[in-house]
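Inspection log for the structure reproduced underneath, given as structure tokens.
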Amino acid sequence: MAPTDAPEGRAAPARLGDRFATTHGWRVATVVDAWPETATARTLVLDVPGWPGHRAGQHVDLRLTSDDGYTASRAYSVSAPTDPAQPHRVQVTVQRVTGGEVSPYLVDDLPVGAGIEVRGPVGGWFVWEPGAADGAPVMLLAGGSGVTPLVAMVRARRAAGDRTPFRVLYSVRMPTDAMFVHELPGTGLDGVDAGLWFTRAAPPDAARPVGRIGLRDLAHHGWPAELAPVCYVCGPTSFVEAMSRMLLVLGHDMRMIRAERFGPSTD
Amino acid sequence: MGHVTASDDPAAPDPATADPAAPALTPGFRGRTRTSGVALPPGQYEVTDFPVLSAGPTPNVDERTWQLDVRTEDGSAFSWSWADLMALPQEDALVDLHCVTRWSKFGTRWRGVSLDTLLADVPSSAQYALVGCYGGYTTNLPVADLLGGKAWVAHTYDGRPLDPLHGGPARLLVPHLYLWKSAKWVRSITLLDDEQRGFWERYGYHDYGDPWREQRYQGD
């Protein structure tokens, strides 16, 4: 369903049933592959019979069932777009949250070959695909595991051979928390220009001292507001709030800022 | 926090006809211990009885005259009688309840009709809903929180017809929000482009009311 924030020239309303139609049923998926991204994050590849496909930025609900029938569901962003060669595959990357009910199991215990129920895909606003927004430049602001849906966008761009210029600002606490760094090069050679910020501890060869992404970083490394980039911000609520405020200070149009909040509350 | 079995949902896996070769679901997953206090939202305590809180007297609603009206932002109207409601696919919901007065009740069993089923063919792009009740109570919530398997019109509690004290013959059940959103004696759902505050909301209670973010009052 298209975002409905443009009341002018509104099209005829769709059935409410269509708004969530693809999310209603649970499908039994099989874990076909899994690997660690960091010491506390793991990527799972699920084979989902009948999967309708998904777009970068969307998420899926996973439902876990215990022996006594108790279930717990959580939402996870896809970390890769649908691969046309394997259209029933869904890849998610899960960050372990200490004391969480679901994420420690998904990161540490769920074996390859196991079944897990999947519902989705969900979401249509925090989404990027080649040709989106008339090819407007893209700025991705990631805080911690909030990089997950954003790396899916980078992968969607690469898979399509798309030329949309991307700039990525990625903030992590320390080097061992950084995921997907080999896919987020520090130069713009292929049109994806990424920078890494360390808020607690930086490696000796870090490009900048330890610290959060600030207004000057955003002004220097991000796209200027005059280029009207689409800005995707994903991370803990505090990160999303801080980044959104700075984007507005720098003159970005509120309607160009798309946010998704990640954090322990979703575990 | 709860789970739902959609007994009449053709998309739901049916254990009786499940493929015997299907993989075991999440082997070794135990979940949290389902005992006191573990999954309580901030500021809540567990109860094992079922407290009653209402803004006024309990209305006496006869199933023979009961009806549920849905009005869209364009003024289109839809209506269900009790027989209509009962003829729709029914779902069982096992959910936790969280009341803004700080009690939480775990593992409550309900039966009713998913709002996904009820509203499926209603044409609307409205973002907000104002729910109305027999007795005049109202409450507001986003349409998104009524859809997606998150809300029901419930008529059965713990295997028995819902007691009028708890909202019988039928109440809204939106267990992921504080319980005042789960309007008792539900009578109407008005779909709106702009949010309109309901009864408690006009008195300063939160427009959304997420117990896990402790949104009790406006400004929380």
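Just so it is clear: chains get the letters A, B, ... in the order the sequence lines come, proteins before strands, and each one is counted from 1.
Partners of B/Asp84 under the salt bridge (Lys or Arg N to Asp or Glu O under 4.0 Å) rule, at least two apart in sequence or in another chain, do not exist in this structure.
For the residue pair B/Gly149 and A/Arg119, the shortest heavy atom distance occurs at CA-NH1, 4.5 Å. Nearest approach of B/Pro23 to A/Gly113, heavy atoms of both residues: CB-O, 3.4 Å. Closest approach of A/Ile116 and B/Leu25 over heavy atoms only: N-CD2, 3.7 Å.
More than 12 heavy atoms of other residues, nucleotides or ligands lie within 6.0 Å of CZ in A/Arg42, so this atom counts as buried by the packing criterion. Annotation for A/Asp134: atom CG does not count as buried by contact number, only 12 or fewer foreign heavy atoms lying within 6.0 Å. A 6.0 Å sphere centred on CG of A/Asp67 holds no more than 12 heavy atoms belonging to other residues, nucleotides or ligands.
Heavy atoms of A/Leu110 lying under 4.5 Å from chain B belong exclusively to its side chain. In this structure, chain A has a heavy atom under 4.5 Å from the side chain of B/Leu191, while its backbone stays farther away.
The distance from atom CZ of B/Phe29 to atom CZ of A/Arg63, rounded to the nearest 0.5 Å, is 12.0 Å.
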